[in-house]
Peer 1: 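Structure in structure tokens, see below.
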Number of protein chains: 2
Amino acid sequence: MKKVSEPTIGRLSVYLRLLMELAEADVDTVSSEELASRSGTTAAQVRKDLSLFGTFGKRGLGYSVPELVTRLRAILGLEKAWRVALVGAGRIGAALFGYENFRRQGFNIEAVFDTDPTKVGQRWNGLVVEADAGMERVLEERGIEIAVVAVPARAAQGVVDRLVAAGIRGILNFAPTQLDVPAGVVVKTVDMALEMEGLSYALSREEREPGAA
Amino acid sequence: MKKVSEPTIGRLSVYLRLLMELAEADVDTVSSEELASRSGTTAAQVRKDLSLFGTFGKRGLGYSVPELVTRLRAILGLEKAWRVALVGAGRIGAALFGYENFRRQGFNIEAVFDTDPTKVGQRWNGLVVEADAGMERVLEERGIEIAVVAVPARAAQGVVDRLVAAGIRGILNFAPTQLDVPAGVVVKTVDMALEMEGLSYALSREEREPGAA
DNA sequence: CAGAGTTTGTGAAAGCGTTCACAAACAAAC
DNA sequence: GTTTGTTTGTGAACGCTTTCACAAACTCTG
């Protein structure tokens, strides 16, 4: 199998989302052109992305929506339900916990941890917030596979070290900090401040040299 | 001025964050090597990134921390305070509202909007949640420059159209959907589900072909 | 069933971003 | 002041991703 880039995987997720909408609307066939225009890319890009994983289309017709949904879900590993733990029961943690699109794709939050004694013991939608101290044991007991880190930046590396030691190999990080993990552990960072600074740059730039962007 | 890529801007933000920490610790000089190892990139990359905007270093010595902080803040447009509106007073909106790193870099949330009548009128840290209907007027009155869209996906495009019509040219989008905007308007999307699916892909892949990643 | 019209899959070309490698510039030591 | 050691700035090479372009494969119509 050829090498697959990060951006490609991101686009596959986008295609999948669109395809599920199309399936909902009982559309049964879609062209690369249609998919491209709805996802903000080009038809050639769509075909290249898909061709990395097999040949799913029919020439002269396009792609079968239900089939492509199935294929993409398989490719992205979304056929199983993932067991997820949330570390940090602050506002970001709460937002994530309530995020619909999470559960819908099979990411089930099955544990919530925090250090704050006033938060420990609270019920979140039927799930009890647990003390940070017992984290390793709970991760093991519940077979957690993915952790979401939503703690302050200065605490993040420590948490991550513990998660890695406990066997977690996938981490979604919200702390605005560089994390070091051993090979074999995957970290994705969501950095809102970074995105805002990207906006700031683009807007300042337009004021300085109009029409440049 | 040469063309500057998205990834470069992202790295500049990271460098700035590190430099502010160094400044806090009264470090006054830093090498590209040091900056690189702390930000997870290479020394050559750091120098290339910075060289796009001028020559800030001293050969044989490195970069002056305070000077580079100033320069980066200028480059990223962070010398001014940006007036930001939050559209959508749900959980994600609440998380963002309380996000420290936002205000610290000069992004001031000066209006919050929602359609839900039970939310309108609530006080958020001294700021009253306003009805969606009066959005355009408030944006104008308060000179809002950047909007954060934290509404359900199906409502996002409509909100964005109104924002653009009202003169907003920078949008941070949390809705998991493709947004169409005219040229000159910058949209950055933060898509948590997408990142999770990236994790799912990487983890599934490792199970199928260990050591591949 | 033949012909006209679509749409895919994919090598090849082009475009970008990263890495390399080294001369130039400076600091520090003696 | 000279030498040794360090670090920057940058053209060139490299590698990866995207775009192009078109033959092959299929549909649909009459």
Side-chain angles (χ1 to χ4, degrees), chain A residues 1-15 18-19 22 27-69 71-72 75 178 194 198 201 212-213, chain B residues 1-15 18-19 22 27-69 71-72 75 178 198 201-202 212-213:
Chain A
M1 160 107 46
K2 292 153 203 157
K3 212 170 26 182
V4 181
S5 69
E6 290 279 306
T8 294
I9 299 304
R11 285 190 299 266
L12 292 183
S13 291
V14 173
Y15 304 154
L18 293 170
L19 287 161
L22 291 171
V27 175
D28 43 40
T29 274
V30 69
S31 68
S32 56
E33 185 58 50
E34 176 78 14
L35 266 179
S37 83
R38 293 200 190 217
S39 58
T41 181
T42 66
Q45 182 76 76
V46 171
R47 296 199 298 272
K48 250 294 184 301
D49 287 341
L50 295 176
S51 76
L52 295 173
F53 297 91
T55 85
F56 309 131
K58 266 212 183 72
R59 302 185 182 209
L61 189 61
Y63 300 89
S64 152
V65 171
E67 189 200 326
L68 201 47
V69 165
R71 300 302 199 111
L72 287 179
I75 291 166
Q178 168 71 13
L194 204 95
Y201 171 78
Chain B
M1 161 105 45
K2 292 151 201 159
K3 211 168 28 183
V4 181
S5 70
E6 290 279 306
T8 293
I9 299 304
R11 286 190 300 267
L12 292 182
S13 291
V14 173
Y15 304 154
L18 292 170
L19 286 162
L22 291 171
V27 176
D28 42 43
T29 276
V30 70
S31 69
S32 57
E33 186 58 51
E34 175 78 14
L35 223 39
S37 83
R38 295 199 188 218
S39 59
T41 183
T42 65
Q45 182 75 77
V46 170
R47 295 199 297 273
K48 250 301 192 276
D49 287 340
L50 295 176
S51 76
L52 295 173
F53 297 91
T55 88
F56 309 131
K58 267 213 181 73
R59 301 184 181 208
L61 189 60
Y63 299 88
S64 153
V65 171
E67 189 201 327
L68 201 46
V69 165
R71 299 301 198 112
L72 286 179
I75 290 166
Q178 168 71 13
Y201 171 79

Peer 1: What is the distance, to the nearest angstrom, from the CD atom on E6(B) to the P atom on dC16(C)?
Peer 2: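 In whole Å, dC16(C) P and E6(B) CD are 14 Å from each other.
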Peer 1: Would a 4.5 Å heavy-atom cut-off, applied to side chains only, mark V4(A) and F53(A) as touching?
Peer 2: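 Yes. Closest side-chain heavy atoms under 4.5 Å.
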Peer 1: For dT8(D), does OP1 or OP2 lie under 4.0 Å from any side-chain N or O of S32(B)?
Peer 2: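 Yes, within the criterion.
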Peer 1: Within this structure, what is the CG-to-C1' distance between L52(A) and dG11(C), rounded to whole angstrom?
Peer 2: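 In whole Å, dG11(C) C1' and L52(A) CG are 14 Å from each other.
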Peer 1: Send over the distance from F56(A) CZ to dT10(C) P, rounded to a whole Å.
Peer 2: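 Those two atoms, CZ and P, are 11 Å apart.
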Peer 1: Mind calculating the distance between CD (Q45(B)) and P (dC20(C)) to the nearest angstrom?
Peer 2: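 The distance from CD of Q45(B) to P of dC20(C) comes to 11 Å, rounded to the nearest Å.
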Peer 1: Please report the distance, rounded to the nearest Å, between CG in D49(A) and P in dC16(D).
Peer 2: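 Between P of dC16(D) and CG of D49(A): 17 Å.
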Peer 1: Select from L61(A) and R11(A) the residue whose nearest nucleotide in DNA chain D is closer to the 5' end of that strand.
Peer 2: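 Its nucleotide being nearer the 5' end, the pick is R11(A).
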Peer 1: What nucleotide among dC20(D), dT10(D), dT27(D) has an atom nearest to a side-chain atom of R47(B)?
Peer 2: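 It is dT10(D).
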Peer 1: What's the closest nucleotide to the Y63(A) side chain, out of dG9(C), dC20(C), dT27(D)?
Peer 2: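 Closest nucleotide among those given: dG9(C).
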Peer 1: When you measure from the side chain of A44(B), which nucleotide among dG9(D), dC20(C), dT18(C) comes out closest?
Peer 2: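 Closest nucleotide to the A44(B) side chain: dC20(C).
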Peer 1: Can you measure F53(A) atom CZ to dT10(C) atom P for me and round it to whole angstrom units?
Peer 2: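 Atom-to-atom, F53(A) to dT10(C), this comes out as 14 Å.
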Peer 1: Measure from the side chain of R59(B), starting at C-beta and using heavy atoms only, and say which of dT10(D), dT18(D), dA24(C) lies closest.
Peer 2: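 Nearest to the side-chain atoms of R59(B), counting from C-beta on, is dA24(C).
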Peer 1: Using a 4.0 Å heavy-atom cut-off across all strands, classify T41(B) as base, sugar-phosphate, or nothing.
Peer 2: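 Answer is nothing: T41(B) stays at 4.0 Å or more from every strand.
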Peer 1: Heavy atoms from C-beta onward define the side chain here; which of dG9(C), dT18(D), dT19(C) lies closest to that of K48(B)?
Peer 2: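 Nearest to the side chain of K48(B) among the choices is dT19(C).
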Peer 1: According to a strict under-4.0 Å criterion, is T42(A) in side-chain N/O contact with OP1 or OP2 of dT19(D)?
Peer 2: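 Answer yes for this pair, as a side-chain N or O of T42(A) is under 4.0 Å from OP1 or OP2.
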Peer 1: Rounded off to whole Å, could you give me the CG-to-C1' distance for the L50(A) and dG9(C) pair?
Peer 2: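 Going from CG in L50(A) over to C1' in dG9(C) covers 11 Å.
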Peer 1: Rounded to the nearest Å, what distance is computed from the CG atom of residue L35(A) to the P atom of nucleotide dT6(C)?
Peer 2: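 About 19 Å, once rounded to whole Å.
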